Amino acid sequence: MESLSYKTVSANKATVQKEWLVVDAEGQNLGRLASKVATLLRGKHKTNYTPHVDCGDNVIVINAEKVNLTGNKLDDKTYIRHTGYPGGQRVLTAKVMQQKNPALLVEKAVKGMLPKNRLGSQLFRNLNVYVGAEHKHEAQQPKTVNLNEAK
C-alpha cells in the first residue's frame, strides 16, 4: 500500500537561501516601511519560514532621509534614552533625530518590530540603512524590491 508522507521541513542555517534586497524609503511612511522591512528580515515572506531560525534576507534601505512621518509625529514622537547617571534621561523628538541621523530613525522603527531576544539581535545585523541613494553592497548584486507591490 502506497501512502503519502507529508513531513514538515524546518529550515536551518545550512538550508536557508539568503538574498540581498534593496528597499527605497523615498516617499514611504515610516511605520509601514519598518513593518515590511521587518517581515523581509524575519523571512516571513518565504515558504520555508521557521520561527526560531534566521531565514530572512539581508536588507539595504536607501534614501532614509526621505521617509514620511504623518500627522504631528515629527513634533510629538519622542525617543527616550538614559545616560546611566542620576537625572540622565534624555529626550529627542523625531524632527531632531531626522536632522541629526535619519538612518537611526529607520533603524529604531525596524528594531522595535523584531523579536526581543538573541534571534532579534541576529536579524537586526542583516539590516543596512543609508542616507542617500548610494550603498557599499554592490558586490552582493542586490535585487530591488518595490514595497508598494509587496504583500
Side-chain angles (χ1 to χ4, degrees), residues 7-84 90-151:
K7 296 198 180 213
T8 303
V9 179
S10 290
N12 60 31
K13 201 172 187 179
T15 62
V16 169
Q17 299 289 323
K18 294 178 85 66
E19 294 180 330
W20 284 81
L21 305 174
V22 174
V23 174
D24 192 355
E26 186 173 358
Q28 299 284 334
N29 292 338
L30 179 63
R32 291 174 189 265
L33 168 81
S35 64
K36 290 175 183 175
V37 168
T39 301
L40 293 173
L41 285 171
R42 192 89 199 269
K44 286 189 149 191
H45 63 291
K46 295 185 175 183
T47 56
N48 66 341
Y49 168 70
T50 307
H52 62 278
V53 177
D54 175 9
C55 52
D57 296 326
N58 295 298
V59 180
I60 304 161
V61 179
I62 57 174
N63 293 323
E65 76 283 2
K66 297 179 183 174
V67 74
N68 290 338
L69 282 148
T70 58
N72 295 329
K73 289 191 193 89
L74 270 175
D75 299 317
D76 295 345
K77 188 171 181 61
T78 57
Y79 295 92
I80 300 171
R81 64 184 179 89
H82 200 282
T83 63
R90 303 289 185 257
V91 178
L92 283 175
T93 63
K95 182 182 261 182
V96 173
M97 188 175 283
Q98 193 171 31
Q99 290 167 352
K100 283 187 176 183
N101 188 358
L104 191 60
L105 196 70
V106 175
E107 285 177 2
K108 280 186 163 293
V110 173
K111 188 169 187 173
M113 296 184 185
L114 291 174
K116 281 41 169 202
N117 52 26
R118 281 181 286 178
L119 177 63
S121 302
Q122 187 179 351
L123 294 171
F124 185 68
R125 287 188 210 111
N126 296 333
L127 175 68
N128 300 287
V129 182
Y130 295 99
V131 176
E134 298 296 317
H135 61 85
K136 59 181 183 180
H137 302 283
E138 290 299 327
Q140 280 74 30
Q141 300 166 346
K143 297 178 187 172
T144 304
V145 175
N146 186 357
L147 291 182
N148 295 332
E149 294 173 2
K151 289 181 184 178

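Please read these numbers as outputs of a predicted model, since none were measured by experiment.
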Heavy-atom side-chain contact between Gln98 and Lys95 under 4.5 Å: no
Non-neighbouring partners of Lys108 that pass salt bridge (charged side-chain N to carboxylate O under 4.0 Å, His left out), sequence neighbours left out: none
Validation row: Val53, Lys13 side chains within 4.5 angstrom (heavy atoms): no
Minimum-distance pair of heavy atoms, taken over all atoms of Ile62 and Gly132: CB-O, 3.5 Å
Within-4.5 Å side-chain heavy-atom neighbours: Glu149 and Asn146: yes
Atom NZ of Lys116: over 12 foreign heavy atoms under 6.0 Å: yes
Side-chain donor or acceptor of Asn29 paired with backbone N/O of Arg32 under 3.5 Å: no
With Leu114, the side chain to side chain contact (heavy atoms under 4.5 Å, CB included) member among Leu119, Val37, Leu41: Leu41
Rounded distance [0.5 Å steps], NE2 in His82 versus CZ in Arg90: 8.0 Å
Note, Leu147 side chain near Leu40 side chain (heavy atom, < 4.5 Å): yes
Atom of Glu107, atom of Phe124 and distance for their closest heavy-atom approach: O-CE1, 3.7 Å
Value rounded to 0.5 Å, distance of CG in Asp54 from NZ in Lys18: 3.5 Å
Check against side chain to side chain contact (heavy atoms under 4.5 Å, CB included), Val145 and Val59: CA-CA 10 Å; Val145 175; Val59 180; over 6 Å; no
Interatomic distance, Thr144 atom OG1 to Trp20 atom CH2 [nearest 0.5 angstrom]: 14.0 Å
Going by atom type alone, with no hydrogens or angles, which donor-acceptor pairs under 3.5 Å involve a side-chain atom of residues 21-28 and a protein atom two or more places apart or on another chain?
| from | atom 1 | to | atom 2 | distance (Å) |
| --- | --- | --- | --- | --- |
| Asp24 | OD1 | Glu26 | N | 3.2 |
| Asp24 | OD1 | Asn63 | ND2 | 2.7 |
| Gln28 | NE2 | Asn148 | OD1 | 3.3 |

Considering all heavy atoms, the nearest Met113-Gly31 contact: CE-O, 3.7 Å
Main-chain N/O of Ala11 paired with Thr50 side-chain donor or acceptor, under 3.5 Å: yes
Hey, can you pull the donor-acceptor pairs under 3.5 Å for the side chains in residues 70-80, sequence neighbours left out?
| from | atom 1 | to | atom 2 | distance (Å) |
| --- | --- | --- | --- | --- |
| Thr70 | OG1 | Lys73 | NZ | 2.8 |

Distance in Å, Asn128 CG paired with Gln140 CD, rounded so as to fall on 0.5 Å steps: 9.0 Å
Where Ala64 and Ala103 come nearest, the two heavy atoms and their spacing: CB-CA, 4.0 Å
Atom pair CG/CG of Leu123 and Asp57 - distance to nearest 0.5 Å: 11.0 Å
Pairwise side-chain contact, Gln17 with Cys55, heavy-atom cut-off 4.5 Å (strictly under): no
Within 6.0 angstrom of Lys46 NZ, more than 12 heavy atoms from elsewhere: yes
Side-chain heavy-atom pair Asn58, His137 within 4.5 angstrom cut-off: no
Non-hydrogen side-chain atoms of Tyr130 and Ile60 separated by less than 4.5 Å: yes
Flag side-chain contact, heavy atom, 4.5 Å: Leu33 against Val67: yes
